[in-house]
Amino acid sequence: MTKEKLLLIDGNSVAFKAFFALYNSLSRFTNDEGLHTNAIYGFNTMLDLMLNHVEPTKVLVAFDAGKTTFRTKMYADYKGGRAKTPSEFSEQMPYIKELLTSRGIKTYELKEYEADDIIGTLAREAESAGIQTTIVTGDRDLTQLASELTTVSVSKRGVTDVEHYTPEFVKEKLGITPEQIIEMKGLQGDNSDNYPGVAKVGPKTAVSLIQDYGSIQGVYDHIDDITAKKLKEHLIEDRDQAFRARELATIKRDAPIEIGLDDLKYDGPDMEKLVDFYKKMNFQSFLNKLNDQGITGAGETEQLSEITYTVLNDDNLDEVSEFKDDVTFYLEMPEDNYHLSPMTGFVLGAGNDWYVGRDVDLLTRPEVKTLLEDKTVTKDVFDAKRTYVGLNRLDITLNNVDFDLLLVSYLLDTNDNNNDLGKLAKQHGYSEVETDDVVYGKGAKREVPLNDDIFYSHLARKAQAIQTLKTSLYKELTDNNQMDLYLDLERPVAFVLARMEIAGITVDADKLESMKSVFTEKLSEIELVIYQEAGEEFNISSPKQLSRILFEKLQLPAIKKTKTGYSTSVEVLEKLAADAPIAENILRYRQIAKIQSTYVEGLLKVINPDDQKVHTRYVQTLTQTGRLSSVDPNLQNIPVRSDEGRQIRQAFVPRKPGWQIFSSDYSQIELRVLAHLTGDENLQLAFKNGEDIHASTARRIFRLGPDDEVSPNMRRQAKAVNFGIVYGISDYGLSQNIGISRKQAKEFIDTYFEEYPGVKAYTENIVSQAREQGFVETILHRRRYLPDINARNFNQRTFAERTAMNTPIQGSAADIIKVAMIEMDKALQNMEATMLLQVHDELIFEAPESEIEKLSTLVPSIMDSAIKLDIPLKVESHFGPTWYDAK
DNA sequence: AGAATCACG
DNA sequence: ACGTACGTGATTCTG
């Protein structure tokens, strides 16, 4: 017989948590009848998670019954003064019960009792039967039920972010035993349930009293030992309240329930009912999940309409020449890396005339190639850069792209950065095309279908989707005042990036190989020392094993915790290094291991054997700010800060002997953008006078006189303040960063805002602007929506506020360098020099020696005049035989 | 698949 | 009282 396991769920509390966790998306979660579904959805997510995690044999969801309970009889104001339950929530409750029925889960409620008491009673029954129990709730009060056999899982932020309270965890978190929680609550009372304990006693005091005296009774038995005068007075004064609060907080474990453990058997869902329910709620993702499990009826509910197509072949090639003004084209490359992916098919056409095929060689025939290269016929595509690079491999130059569905979607809303055409189309209300996951499968099973009709129909539908969405998305762009951003910036940038990716940068593999053996040697040396210091061998790369060695075996002080254990991060190890040499060695080991695995070995793996180059892909439609990202390999995070890491750059060389690597970077571009956007006179003055901006800030925030010197430490702190402003400052963040007190950090910030009143006004304005219109913009009208700006949750809201300050700055800087890249691309057309890389505020080129002098004036002049700001932009240039030397 | 860690601007 | 600096990607370990 399988071991019995019981799952008890506090229905009201979980539903409530789910409702508020998805409150910001309330409007997105409605079914066809206008019913809100966010709580139902969140509840179901939790069910999936917990059923998987616990694998119970018995399940019950308990609900509260009505407003009056034995507690309200005892204390009339119990749970009084609560805000009215929103109707959007109440309307969902009956459906949650329906959901549970279809999932084959029992529910129960009992007049005069709360869900807690039902759970407490059943958990006790399970306890005496020796059954392992898990309780799920959003309410910490239930943690008093934790025991050897009973775990209480409390959801924290959302419904999936769960903490599992065992007696040990309660002890660790609160410093008391589960049984003592009611004692603590008795002393402190409960604001949300609206009953008082002892005046002026909060969690801190309550816990320490309970730790000292064991219980409330214990406190009063030793009341004369309490020396704090005020505290003692309050304790004596509120004695009755304390005992009453204790009773209110105590979960009944003998409620007169009419069900028992035997009634709770769980045999899984009634699939037919569940599928119907999901459909009624429009829960597509849960349906897909069932579909993946092979449940019939859970697949796509909507039948796609028929689509017609013509298979392109030698005999009908000339029909393609009939397209004269606008065609839609899509090239299928199933793998992410389009530099290497097989090309498995294409579709080309307009109106309802779709020509499809598997053999991409057909594209190289004059009829098709001419069309694709024609500068008068416009092309509509999905991902112009990908298409351009793919066609380039066939020696076809894609010209005159008009509409790019992927790029336009991203500009309309940076969250629409899904790379699947089907998913993206659906987000824009077009459902006549399936996702690749559905047609091609996912994971290891993914493959292009052998069946021609399935494959060709899918391709034709993709083209149809692009063509159909063009009009409406263009209208949205125009309405948003973003058409120029698309036509003059992002679309041209796509092709500049494509050419940079195709060009690639040459990597000296021999250099990397020789570095590899040096590092291997160093690593094994350090490894030996660490083993010696630890007294045993272990996996240094495993944070888990490492923290066992450091914090248990060697008893070093644990400074910071992570979700899963003690942190072993740099900041922790650096603090330990003062008294423990092992920490220093681990840091050193980590540093070298990182360089070795990510950069030396990582780069060697991606050098293309044909040309000895690496060809990164710049992801243009990902970041929330408008920056690029670089993948496979990431060439935007090649080491530079440490000497050892920096040497990696010696392996990046020009493609021809005697050529140079040339690099230009914007100096302080984000602070200059800040000065421009805020219009702050003092900040602008500093830049106009060409001052050292961090020193200048130091003078102001430390209120130095004209003859006072700025010490290096002052400059360092001022620099951190400047960064903080750009990131959307908080006193806590600044204090952590430079290791000062929070109070001191606050003083820095206050002084900064006094000295730079324009910056202060800007931060206030941009946040209120975000609240009013729901988004913020860059200089060139790039948008970022901030739905969380009005969130009730403190974390979400303040994060959105910081983002509102940072995004226009980081994003406008991204706008500027993109303009410069387009101009550089044009300017280099008649030169041998090639633009290779972009690293956010820096452009890197390779060029013959003879062109270096010209570049030295050309590049800075284009970069600093890309967008005219109220203050000058400054550009610095360097060059040398390798990237390392271009410093 | 997610967490931890660390590389960059 | 809450618990934070902004934006990324790759590697390794682990459940």
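Values below: all heavy atoms of this structure, side chains included; hydrogens, waters and symmetry mates excluded. Throughout, protein chains are lettered first and strands after them, A, B, ... in sequence-line order, and every chain is numbered starting at 1.
When all heavy atoms of A:I816 and A:L873 are compared, the pair lying nearest together is CG2-CD1, 4.0 Å.
As a whole-Å value, the separation of A:K204 NZ from C:dC2 C1' is 12 Å. The distance from atom CG of A:D731 to atom P of C:dC2 is 15 Å, rounded to the nearest whole Å. Here C:dT14 presents its P atom at 6 Å from CG of A:N539, a figure rounded to the nearest Å. One interatomic measurement links the two molecules: CG of A:N417 to P of C:dG7, which rounds to 14 Å at whole-angstrom precision. Atom CZ in A:F723 sits about 15 Å away from atom P in C:dG7, given to the nearest Å. Counting to the nearest Å, the P atom of C:dA10 and the CG atom of A:L622 are 11 Å from each other. Taking atom CZ on A:R742 and atom P on C:dT4, their separation rounds to 11 Å, with Å as the unit. Distance CG (A:N793) to P (C:dA1): 18 Å, rounded to an integer number of Å.
Between A:R782 and A:D815 there is a salt bridge, since at least one side-chain N of the basic residue sits less than 4.0 Å from a carboxylate O of the acidic one. Comment: A:R588 engages A:E644 in a salt bridge, judged by a side-chain N to carboxylate O separation of less than 4.0 angstrom. Taking 4.0 Å as the cut-off between side-chain N and carboxylate O, A:E571 and A:K560 count as a salt-bridged pair. The pair A:D692-A:R715 counts as a salt bridge, with a side-chain nitrogen and a carboxylate oxygen less than 4.0 angstrom apart. Salt bridge status for A:R627 with A:E670: present, with a side-chain N to carboxylate O gap under 4.0 Å. By the 4.0 Å N-to-carboxylate-O rule, A:K760 lies close enough to A:E764 to be salt-bridged with it.
No more than 12 heavy atoms of other residues, nucleotides or ligands sit less than 6.0 Å from atom NZ of A:K200.
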Nucleotide-resolved protein contact map, nucleotides 4-9 of chain B, B/S/- at heavy-atom distance under 4.0 Å: SSBBBB

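By the 30° and 60° cut-offs, the orientation of the rings of A:F723 relative to A:H694 is parallel.
Nucleic acid contact for A:A745: none, since no nucleic acid atom lies under 4.0 Å from a heavy atom of the residue. Residue contacts shown for A:V726 are absent, as no nucleic acid heavy atom lies under 4.0 Å away. Among the protein residues, A:Q624 comes within range of the sugar-phosphate backbone only, with heavy atoms under 4.0 Å from sugar or phosphate atoms but none that close to a base. Contacts of A:S630 with the nucleic acid, taken as non-hydrogen atoms under 4.0 Å apart, involve only primed sugar atoms and P, OP1 or OP2.
In this structure, the nucleotide among C:dT8, C:dA5, C:dT12 sitting nearest to the side chain of A:R802 is C:dA5.
A:F799 does not qualify as a stacking partner of the C:dT4 base, lacking a centre-to-centre distance under 5.5 Å together with planes within 30°.
In this model, no side-chain donor or acceptor of A:S629 finds a partner on the base of C:dT8 within 3.5 Å.
Distances shorter than 4.0 Å separate none of the side-chain N or O atoms of A:T598 from OP1 or OP2 on C:dG9.
Qualifying side chain to side chain donor-acceptor pair (under 3.5 Å) partners for A:E842, counting only residues two or more places apart in sequence or in other chains: A:S663.
Nucleotides B:dT5 and C:dT4 place their P atoms 15 Å apart, quoted to the nearest Å. When the P atom is used for both C:dA5 and B:dC6, the distance is 16 Å, rounded to whole Å.
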5'-to-3' dot-bracket of DNA chain C (Watson-Crick, G-U; under 3.5 angstrom; crossing pairs as [ ]; | other strand): .....|||||||||.

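When the nearest nucleotides of DNA chain C are assigned to A:G724 and A:S542 by heavy-atom distance, the more 5′-ward of the two goes with A:G724. For A:I725 and A:V619, each mapped to the nucleotide of DNA chain C holding its nearest heavy atom, the one lying further toward the 5' end belongs to A:I725.
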